[in-house]
Amino acid sequence: MTTNADAARTQPPKPRRRAPAGAAVLREDVTEAIQAAVFEELAAVGYARMSIEGIARRAGVGKTAVYRRWRSKLHLVLDLVSAVAVQGLPAPDTGSLEGDLRLLYEVTSRALRHPVAGQIIPDLQAEAARNPEIAEAMQKALREGQQGVASGIVAAAAARGEVREGIDADLALDIISGPLYWRSVVVRAPKPPKGYLPSLARATAAALKAL
(Lines give C-alpha, C1' and ligand atoms only; values in the text may rest on other atoms or scores of the structure.)
Protein backbone atom coordinates (compact mmCIF):
# COMPACT_ATOMS: atom_id res chain seq x y z
CA MET A 1 0.00 0.00 0.00
CA THR A 2 1.29 3.41 -0.93
CA THR A 3 1.23 5.90 1.91
CA ASN A 4 0.98 9.66 1.61
CA ALA A 5 4.64 9.90 2.55
CA ASP A 6 5.58 7.45 -0.25
CA ALA A 7 3.51 9.49 -2.73
CA ALA A 8 5.15 12.68 -1.65
CA ARG A 9 8.59 11.14 -2.19
CA THR A 10 7.67 10.07 -5.72
CA GLN A 11 6.43 13.50 -6.77
CA PRO A 12 8.92 15.46 -8.89
CA PRO A 13 10.40 18.43 -7.04
CA LYS A 14 8.67 21.71 -7.72
CA PRO A 15 10.78 24.10 -9.75
CA ARG A 16 12.27 26.94 -7.70
CA ARG A 17 10.67 30.27 -8.45
CA ARG A 18 13.16 32.59 -10.08
CA ALA A 19 13.58 36.04 -8.66
CA PRO A 20 12.31 38.77 -10.99
CA ALA A 21 14.94 40.43 -13.10
CA GLY A 22 15.73 44.13 -13.33
CA ALA A 23 14.71 46.83 -10.91
CA ALA A 24 12.45 44.48 -8.94
CA VAL A 25 15.45 42.80 -7.31
CA LEU A 26 17.07 46.04 -6.16
CA ARG A 27 16.90 46.15 -2.38
CA GLU A 28 15.50 49.41 -1.08
CA ASP A 29 17.75 49.44 1.99
CA VAL A 30 20.83 49.18 -0.22
CA THR A 31 19.59 52.00 -2.44
CA GLU A 32 19.01 54.20 0.62
CA ALA A 33 22.48 53.39 1.97
CA ILE A 34 24.02 54.41 -1.36
CA GLN A 35 22.05 57.65 -1.47
CA ALA A 36 23.15 58.55 2.06
CA ALA A 37 26.74 57.70 1.16
CA VAL A 38 26.61 60.03 -1.85
CA PHE A 39 25.67 63.01 0.28
CA GLU A 40 28.34 62.16 2.84
CA GLU A 41 30.97 61.66 0.14
CA LEU A 42 30.06 64.94 -1.55
CA ALA A 43 30.40 66.77 1.74
CA ALA A 44 33.72 65.06 2.53
CA VAL A 45 35.61 65.27 -0.79
CA GLY A 46 33.47 67.25 -3.26
CA TYR A 47 32.09 66.22 -6.63
CA ALA A 48 35.40 66.31 -8.53
CA ARG A 49 37.13 63.86 -6.17
CA MET A 50 34.07 61.72 -5.50
CA SER A 51 34.23 58.21 -6.94
CA ILE A 52 31.97 55.19 -7.24
CA GLU A 53 34.56 53.25 -5.23
CA GLY A 54 34.37 55.75 -2.38
CA ILE A 55 30.58 55.77 -2.42
CA ALA A 56 30.43 51.97 -2.35
CA ARG A 57 32.96 51.77 0.48
CA ARG A 58 31.06 54.33 2.55
CA ALA A 59 27.74 52.54 1.89
CA GLY A 60 29.22 49.14 2.74
CA VAL A 61 28.36 47.63 -0.64
CA GLY A 62 30.20 46.53 -3.75
CA LYS A 63 30.68 48.77 -6.78
CA THR A 64 28.32 46.55 -8.73
CA ALA A 65 25.46 47.53 -6.44
CA VAL A 66 26.01 51.17 -7.36
CA TYR A 67 26.41 50.55 -11.10
CA ARG A 68 23.23 48.47 -11.17
CA ARG A 69 21.33 51.61 -10.16
CA TRP A 70 23.31 54.40 -11.83
CA ARG A 71 25.76 54.14 -14.70
CA SER A 72 28.05 56.94 -13.50
CA LYS A 73 28.57 59.32 -10.61
CA LEU A 74 27.16 62.14 -12.76
CA HIS A 75 23.86 60.34 -13.27
CA LEU A 76 23.79 59.38 -9.59
CA VAL A 77 24.20 62.98 -8.44
CA LEU A 78 21.77 64.30 -11.06
CA ASP A 79 19.15 61.81 -9.91
CA LEU A 80 19.52 62.72 -6.24
CA VAL A 81 19.64 66.47 -6.82
CA SER A 82 16.57 66.30 -9.07
CA ALA A 83 14.72 64.37 -6.36
CA VAL A 84 15.07 67.38 -4.08
CA ALA A 85 12.75 69.31 -6.39
CA VAL A 86 10.10 66.62 -6.05
CA GLN A 87 10.32 66.43 -2.28
CA GLY A 88 10.34 70.19 -1.78
CA LEU A 89 9.63 71.84 1.56
CA PRO A 90 6.55 71.55 3.76
CA ALA A 91 4.02 74.27 2.92
CA PRO A 92 3.48 76.55 5.95
CA ASP A 93 -0.12 77.20 7.03
CA THR A 94 -0.10 79.61 9.97
CA GLY A 95 -3.04 81.75 8.85
CA SER A 96 -1.04 84.85 7.93
CA LEU A 97 1.45 85.84 5.25
CA GLU A 98 4.09 87.00 7.73
CA GLY A 99 3.66 83.85 9.82
CA ASP A 100 4.00 81.59 6.79
CA LEU A 101 7.13 83.41 5.66
CA ARG A 102 8.69 83.24 9.12
CA LEU A 103 8.08 79.48 9.35
CA LEU A 104 9.47 78.97 5.84
CA TYR A 105 12.60 80.93 6.72
CA GLU A 106 13.12 79.03 9.96
CA VAL A 107 12.89 75.64 8.21
CA THR A 108 15.02 76.73 5.26
CA SER A 109 17.64 78.37 7.45
CA ARG A 110 18.09 75.20 9.51
CA ALA A 111 18.36 73.10 6.36
CA LEU A 112 20.95 75.39 4.76
CA ARG A 113 23.03 75.47 7.95
CA HIS A 114 23.28 71.68 8.04
CA PRO A 115 26.98 70.76 7.62
CA VAL A 116 26.27 68.44 4.69
CA ALA A 117 24.14 70.99 2.82
CA GLY A 118 26.68 73.71 3.60
CA GLN A 119 29.36 71.70 1.80
CA ILE A 120 27.34 70.19 -1.03
CA ILE A 121 25.43 73.18 -2.40
CA PRO A 122 28.44 75.51 -2.97
CA ASP A 123 30.45 72.62 -4.43
CA LEU A 124 27.73 71.65 -6.89
CA GLN A 125 27.18 75.29 -7.82
CA ALA A 126 30.85 75.55 -8.73
CA GLU A 127 30.63 72.30 -10.69
CA ALA A 128 27.48 73.58 -12.44
CA ALA A 129 29.55 76.34 -14.03
CA ARG A 130 31.48 73.62 -15.88
CA ASN A 131 28.75 71.05 -16.42
CA PRO A 132 25.44 72.03 -18.10
CA GLU A 133 23.68 68.87 -16.88
CA ILE A 134 24.49 69.62 -13.25
CA ALA A 135 23.51 73.26 -13.80
CA GLU A 136 20.11 72.20 -15.10
CA ALA A 137 19.55 69.77 -12.23
CA MET A 138 20.61 72.36 -9.64
CA GLN A 139 18.29 74.96 -11.13
CA LYS A 140 15.43 72.47 -11.10
CA ALA A 141 16.07 71.41 -7.51
CA LEU A 142 16.60 74.85 -6.03
CA ARG A 143 14.02 76.72 -8.09
CA GLU A 144 11.16 74.26 -8.31
CA GLY A 145 11.52 73.16 -4.70
CA GLN A 146 11.12 76.75 -3.53
CA GLN A 147 8.65 77.72 -6.25
CA GLY A 148 6.01 75.25 -5.15
CA VAL A 149 6.11 76.49 -1.56
CA ALA A 150 6.34 80.18 -2.48
CA SER A 151 3.40 79.99 -4.87
CA GLY A 152 1.36 78.26 -2.15
CA ILE A 153 2.17 81.01 0.35
CA VAL A 154 1.24 83.74 -2.14
CA ALA A 155 -1.98 81.97 -3.19
CA ALA A 156 -3.05 81.58 0.44
CA ALA A 157 -2.24 85.24 1.13
CA ALA A 158 -4.27 86.30 -1.93
CA ALA A 159 -7.22 84.22 -0.74
CA ARG A 160 -7.07 86.02 2.62
CA GLY A 161 -6.85 89.41 0.89
CA GLU A 162 -3.31 90.12 2.14
CA VAL A 163 -1.88 90.51 -1.37
CA ARG A 164 -3.60 91.25 -4.66
CA GLU A 165 -4.57 88.50 -7.07
CA GLY A 166 -2.29 87.84 -10.03
CA ILE A 167 0.99 89.23 -8.72
CA ASP A 168 4.11 88.32 -10.72
CA ALA A 169 4.96 84.77 -9.61
CA ASP A 170 8.65 84.95 -10.63
CA LEU A 171 9.14 88.28 -8.88
CA ALA A 172 7.41 86.96 -5.77
CA LEU A 173 9.70 83.92 -5.76
CA ASP A 174 12.79 86.14 -6.06
CA ILE A 175 11.62 88.33 -3.19
CA ILE A 176 10.81 85.38 -0.94
CA SER A 177 13.82 83.16 -1.63
CA GLY A 178 16.56 85.61 -2.61
CA PRO A 179 17.65 87.16 0.70
CA LEU A 180 18.08 83.96 2.70
CA TYR A 181 19.87 82.09 -0.09
CA TRP A 182 22.16 85.05 -0.62
CA ARG A 183 23.07 85.10 3.05
CA SER A 184 23.35 81.34 3.56
CA VAL A 185 24.64 79.99 0.24
CA VAL A 186 26.50 82.86 -1.45
CA VAL A 187 27.91 84.84 1.46
CA ARG A 188 27.86 81.74 3.71
CA ALA A 189 27.21 83.84 6.78
CA PRO A 190 26.90 82.14 10.17
CA LYS A 191 23.63 81.53 11.98
CA PRO A 192 21.36 84.59 11.64
CA PRO A 193 21.34 86.81 14.73
CA LYS A 194 18.33 86.85 17.03
CA GLY A 195 15.43 88.64 15.42
CA TYR A 196 16.80 88.44 11.88
CA LEU A 197 14.30 85.90 10.52
CA PRO A 198 11.21 87.63 11.97
CA SER A 199 12.47 90.94 10.54
CA LEU A 200 13.09 89.31 7.16
CA ALA A 201 9.60 87.80 7.18
CA ARG A 202 8.07 91.18 8.05
CA ALA A 203 10.02 92.99 5.31
CA THR A 204 9.22 90.31 2.73
CA ALA A 205 5.52 90.43 3.57
CA ALA A 206 5.55 94.19 3.12
CA ALA A 207 7.32 93.87 -0.24
CA LEU A 208 4.80 91.30 -1.48
CA LYS A 209 1.88 93.50 -0.42
CA ALA A 210 3.40 96.35 -2.42
CA LEU A 211 3.48 94.38 -5.69
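This structure is a prediction, so every number in the text was calculated from the model and none was measured.
Here N131 contributes atom CG and E136 contributes atom CD; the two are 10.5 Å apart, rounded to the nearest 0.5 Å. From D168, atom CG reaches atom CG of L208 across 11.0 Å, with rounding to the nearest 0.5 Å. One distance of note links OG of S109 with OH of Y181; it measures 11.0 Å at 0.5 Å rounding. The distance from the OG atom of S51 to the CZ atom of R57 is 6.5 Å, given to the nearest 0.5 Å. The OH atom of Y105 sits 12.0 Å away from the OG atom of S199 when rounded to the nearest 0.5 Å. Note: I55 CD1 to E41 CD = 6.0 Å, rounded to the nearest 0.5 Å.
Partners of K209 by side-chain contact (heavy atoms from CB on, under 4.5 Å), not counting sequence neighbours, listed by chain and number: L97, E162, V163.
Within the 4.5 Å cutoff, side-chain heavy atoms of I176 are placed close to those of V154. V149 is listed as a side-chain neighbour of P92, based on a closest heavy-atom distance under 4.5 Å.
Heavy atoms only, all atoms of each residue included: A207 and I175 are closest at CB-CG2, 3.9 Å. Heavy-atom minimum distance, V66 versus A56: CG2-CB, 4.1 Å. Here the closest heavy-atom approach between residue P192 and residue L197 is recorded as CG-CD2, 4.4 Å. The minimum heavy-atom distance between A201 and L101, with the atom names listed, is O-CD1, 3.7 Å. The shortest non-hydrogen separation linking L211 to R164 is O-NE, 3.0 Å.
Between the side chain of S151 and the backbone N or O of G148, at least one donor-acceptor pair lies under 3.5 Å. Checked by atom type and distance alone, the side chain of R202 never pairs as donor or acceptor with a backbone atom of E98 at under 3.5 Å. A donor-acceptor contact shorter than 3.5 Å links the side chain of T94 to the backbone of D100.
More than 12 heavy-atom neighbours from other residues, nucleotides or ligands sit within 6.0 angstrom of CD on E53.
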Pairs of donor and acceptor atoms involving the side chains of residues 70-78, under 3.5 Å and at least two apart or interchain, shall be tabulated with distances.
| residue | atom | partner | partner atom | Å |
| --- | --- | --- | --- | --- |
| W70 | NE1 | D79 | OD2 | 2.9 |
| R71 | NH2 | H75 | NE2 | 2.8 |
| S72 | OG | L74 | N | 3.4 |
| S72 | OG | H75 | N | 3.2 |
| S72 | OG | H75 | ND1 | 2.7 |
| K73 | NZ | Y47 | O | 2.6 |
| K73 | NZ | A48 | O | 3.3 |
| K73 | NZ | M50 | O | 2.9 |

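In this structure, R183 is positioned above the aromatic face of Y196, its NZ or CZ under 6.0 Å from the six-membered ring centre and within 45° of the axis.
Each of L173 and V107 belongs to its own hydrophobic cluster when Ile, Leu, Val, Met, Phe, Trp and Tyr are linked at side-chain heavy-atom distances under 4.5 angstrom.
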